[in-house]
Protein chains: 2
Amino acid sequence: MKRTRLNRLPCPIARSMDIIGEWWSLLILRECFSGTTRFDDFQKNLGVSKNTLTARLAKLVKRGVLKRVPVEPGAKRRHYKLTEMGKELYVVFVALRQWGDKWTFDGKMPPHAVVERSNGRAVAPVEVRSTDGRVLKPRDTWLVAL
Amino acid sequence: MKRTRLNRLPCPIARSMDIIGEWWSLLILRECFSGTTRFDDFQKNLGVSKNTLTARLAKLVKRGVLKRVPVEPGAKRRHYKLTEMGKELYVVFVALRQWGDKWTFDGKMPPHAVVERSNGRAVAPVEVRSTDGRVLKPRDTWLVAL
DNA sequence: CCGTATCCATTCCGATACTG
DNA sequence: CAGTATCGGAATGGATACGG
């Protein structure tokens with residue numbers, strides 16, 4: 001395929017895609033946020049082949065999004081957990097999920113909602129804001145190199 | 001490859017990935033947010049082959065993220081613009097860019113910042129919040145079907 | 001339970017040449 | 001400028017069988 005290498009481009013979008021943009025990577029991470037940690041559970045829940053799962057998990061570990069940790073301190077068995085880097089993808093997930101819920105369902109599929117555990121209320125739509133809290137639209141912002 | 005079809009899964013992440021998860025799609029959309037509208041500009045700015053670009057643009061149009069509109073009312077030439085659906089990916093982009101800036105640079109590459117056009121100030125980190133404004137972490141929320 | 005090894009069909013993508 | 005046509009090498013990913 002000689003796919004253009006994205007991870008050396010000076011663009012964070014490209015570099016992020018290189019880490020989490022493959023077909024199964026984001027679904028694996030979705031499972032992680034749902035509490036899945038074991039190889040077999042990933043495989044059963046996602047229906048992905050073992051081959052692919054092995055490769056994706058390895059890459060996510062290599063890039064620092066997941067880590068393999070002993071199931072119990074000192075135990076030999078290990079499972080997969082989100083690193084801090086991985087946990088910080090949370091907002092990306094929620095934003096993507098909200099977008100997908102709004103735009104990719106045709107009424108035949110059940111929509112979902114991200115709700116607070118403590119009170120069951122749906123979270124607010126994720127938005128871009130200024131530091132003093134104003135909601136910003138695409139035209140209100142632009143990009144600068146530091 | 002017989003890649004598993006993601007767009008029928010009842011998961012908005014999977015469905016979103018089916019639309020914007022391909023290698024070049026997100027980069028194309030990044031260009032759109034920067035104001036690029038013409039085929040040649042996409043090609044030059046991204047360094048993608050015409051073939052691939054044609055395919056990705058067609059898919060993005062088909063899925064409703066981009067639209068082809070006359071350059072001027074009544075003109076024959078058309079270019080590519082974000083639809084409302086596309087524009088609402090903005091927050092996903094900013095979140096992904098912030099994540100990428102924070103975690104994928106090793107110091108050798110220049111980081112970027114999304115800033116307000118009016119005053120040059122960096123936007124706040126995108127976060128998940130309750131409707132009354134509290135910042136929520138992964139453990140504070142879960143997912144329910146409606 | 002957690003993977004590896006091998007195989008193979010599918011598909012991706014860049015290069016090149018060509019068209020209105 | 002904005003693509004289409006064709007080609008071929010590379011990578012993907014599922015199936016199956018095997019291993020610690």
Side-chain angles (χ1 to χ4, degrees), chain A residues 1-9 14 17-32 35-63 66-72 74-81, chain B residues 1-9 14 17-32 35-63 66-72 74-81:
Chain A
M1 194 184 300
K2 195 54 137 331
R3 173 174 279 163
T4 308
R5 282 288 138 230
L6 298 177
N7 59 332
R8 289 295 160 198
L9 295 176
M17 282 302 282
D18 186 65
I19 297 174
I20 60 167
E22 279 159 315
W23 282 88
W24 288 108
S25 300
L26 223 59
L27 284 324
I28 290 171
L29 291 173
R30 180 199 72 189
E31 282 300 306
C32 291
T36 302
T37 62
R38 296 211 317 269
F39 189 92
D40 253 36
D41 290 333
F42 285 115
Q43 215 229 320
K44 280 198 279 278
N45 295 347
L46 295 172
V48 61
S49 73
K50 292 177 171 187
N51 250 340
T52 304
L53 181 57
T54 299
R56 291 293 158 271
L57 285 171
K59 180 165 183 178
L60 290 169
V61 168
K62 187 175 176 187
R63 300 305 177 89
L66 295 182
K67 58 188 171 186
R68 301 192 66 194
V69 295
V71 176
E72 318 203 354
K76 200 156 187 194
R77 307 186 67 78
R78 296 192 293 172
H79 58 173
Y80 297 88
K81 302 274 278 181
Chain B
M1 196 184 298
K2 196 55 138 327
R3 175 174 278 163
T4 306
R5 283 287 138 232
L6 298 176
N7 60 334
R8 289 294 159 199
L9 295 176
M17 283 301 282
D18 186 66
I19 297 175
I20 58 167
E22 279 159 315
W23 282 89
W24 288 108
S25 300
L26 223 59
L27 284 323
I28 289 171
L29 291 173
R30 180 199 71 189
E31 283 300 307
C32 291
T36 301
T37 63
R38 296 211 317 269
F39 189 93
D40 252 37
D41 290 333
F42 285 116
Q43 215 230 317
K44 279 197 282 277
N45 295 347
L46 295 171
V48 61
S49 73
K50 291 178 171 187
N51 250 339
T52 304
L53 181 57
T54 299
R56 290 295 159 271
L57 285 171
K59 180 165 185 178
L60 290 169
V61 169
K62 187 176 177 186
R63 300 305 177 89
L66 295 182
K67 59 188 170 187
R68 302 192 65 196
V69 295
V71 175
E72 316 204 354
K76 201 157 187 194
R77 308 185 67 78
R78 297 192 292 172
H79 57 173
Y80 297 87
K81 302 273 277 183

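Protein chains get the first letters and strands the later ones, always in sequence-line order, with residue 1 at the start of each.
- Nearest-nucleotide mapping onto DNA chain C: of F39(A) and R56(B), the residue sitting toward the 5' end is F39(A).
- With distances taken from any side-chain atom of T54(B) to the nucleotides dG3(C), dC2(C), dG3(D), the minimum falls on dG3(D).
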Q) Would R30(A) and L46(A) count as a side-chain contact (heavy atoms from CB on, under 4.5 Å) if you check the C-alpha gap in whole Å, the side-chain angles of each, and the deciding distance to 0.1 Å? A) CA-CA 10 Å; R30(A) 180 199 72 189; L46(A) 295 172; 3.5 Å; yes
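- Within the helix from dC1(C)-dG20(D) to dG20(C)-dC1(D), the inter-axis angle between the opening and closing five-pair segments is 50°, rounded to 10°.
- Following rounding to the nearest Å, L46(A) (CG) and dC2(C) (C1') show an atom-to-atom distance of 16 Å.
- In this model, the phosphate group of dA2(D) is not approached by any side-chain N or O of R78(B) to a distance below 4.0 Å at OP1 or OP2.
- Among residues two or more places apart in sequence or in another chain, the salt bridge (Lys or Arg N to Asp or Glu O under 4.0 Å) test is passed with K81(B) by none.
- Residues satisfying the side-chain hydrogen bond (donor to acceptor under 3.5 Å, both in side chains) test with E31(B), not counting sequence neighbours, are T36(B), N45(B).
- Residues forming a salt bridge (Lys or Arg N to Asp or Glu O under 4.0 Å) with K44(B) (at least two apart in sequence, or on another chain): D40(B).
- In this structure, the NZ atom of K76(A) is 13 Å from the C1' atom of dC2(C), given to the nearest Å.
- Rounded to an integer number of Å, the gap from CG of L27(B) to C1' of dC12(C) is 16 Å.
- Annotation: side chain of R63(A) is not in contact with side chain of I20(A) (no heavy-atom distance under 4.5 Å).
- Taking atom CD1 of residue I28(B) and atom C1' of nucleotide dA2(D), one finds them 14 Å apart after rounding to whole Å.
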- prompt: Step by step, would you call K67(B) with V61(B) a side-chain contact (heavy atoms from CB on, under 4.5 Å)?
  reply: CA-CA 5 Å; K67(B) 59 188 170 187; V61(B) 169; 5.9 Å; no
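- When each of dG3(D), dC2(C), dG14(D) is scored by its nearest atom to the side-chain atoms of R68(B), the top-ranked nucleotide is dG3(D).
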Tabulated below should be each protein N or O lying under 3.5 Å from an N or O of nucleotides 17-20 of chain C; please produce it.
none

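- Nearest nucleotide to the K44(B) side chain, out of dC1(D), dA5(C), dG3(D): dC1(D).
- By the side chain to side chain contact (heavy atoms under 4.5 Å, CB included) test, T54(B) is found to be paired with F39(B), residues two or more places apart in sequence or in another chain being considered.
- Taking atom CG on L53(A) and atom C1' on dG3(C), their separation rounds to 9 Å, with Å as the unit.
- Counting only heavy atoms from C-beta on, D40(B) has its side chain closest to dA2(D) among dC2(C), dA2(D), dG3(D).
- Taking 4.0 angstrom as the limit, S49(B) places a side-chain polar atom (N or O) nearer than this to OP1 or OP2 of dG14(C).
- In this view, S25(B) and E22(B), R56(B), L60(B) satisfy the side chain to side chain contact (heavy atoms under 4.5 Å, CB included) rule, not counting sequence neighbours.
- Rounded to whole Å, atom P of dG13(D) lies 11 Å from atom CE of M17(B).
- For R78(B), the side chain to side chain contact (heavy atoms under 4.5 Å, CB included) criterion is met by R68(B), not counting sequence neighbours.
- At a threshold of 4.0 angstrom between heavy atoms, the contacts of F42(B) with the nucleic acid are absent.
- In this structure, CD of Q43(B) is placed 10 Å from C1' of dA2(D), rounded to the nearest angstrom.
- For the pair E22(B) CD and dG13(D) P, the interatomic distance rounds to 11 Å; values are reported in whole Å.
- Comparing N51(A) and H79(A) against DNA chain C, the residue whose closest nucleotide sits nearer the 5' end is H79(A).
- R77(B) has no side-chain polar atom (N or O) that falls below the 4.0 Å cut-off from OP1 or OP2 of dC1(D).
- Not one side-chain nitrogen or oxygen of Y80(A) sits closer than 4.0 Å to the OP1 or OP2 atom of dC1(C).
- Judged purely by atom type and a 3.5 angstrom limit, Q43(B) uses its side chain to pair as donor or acceptor with the backbone of V48(B).
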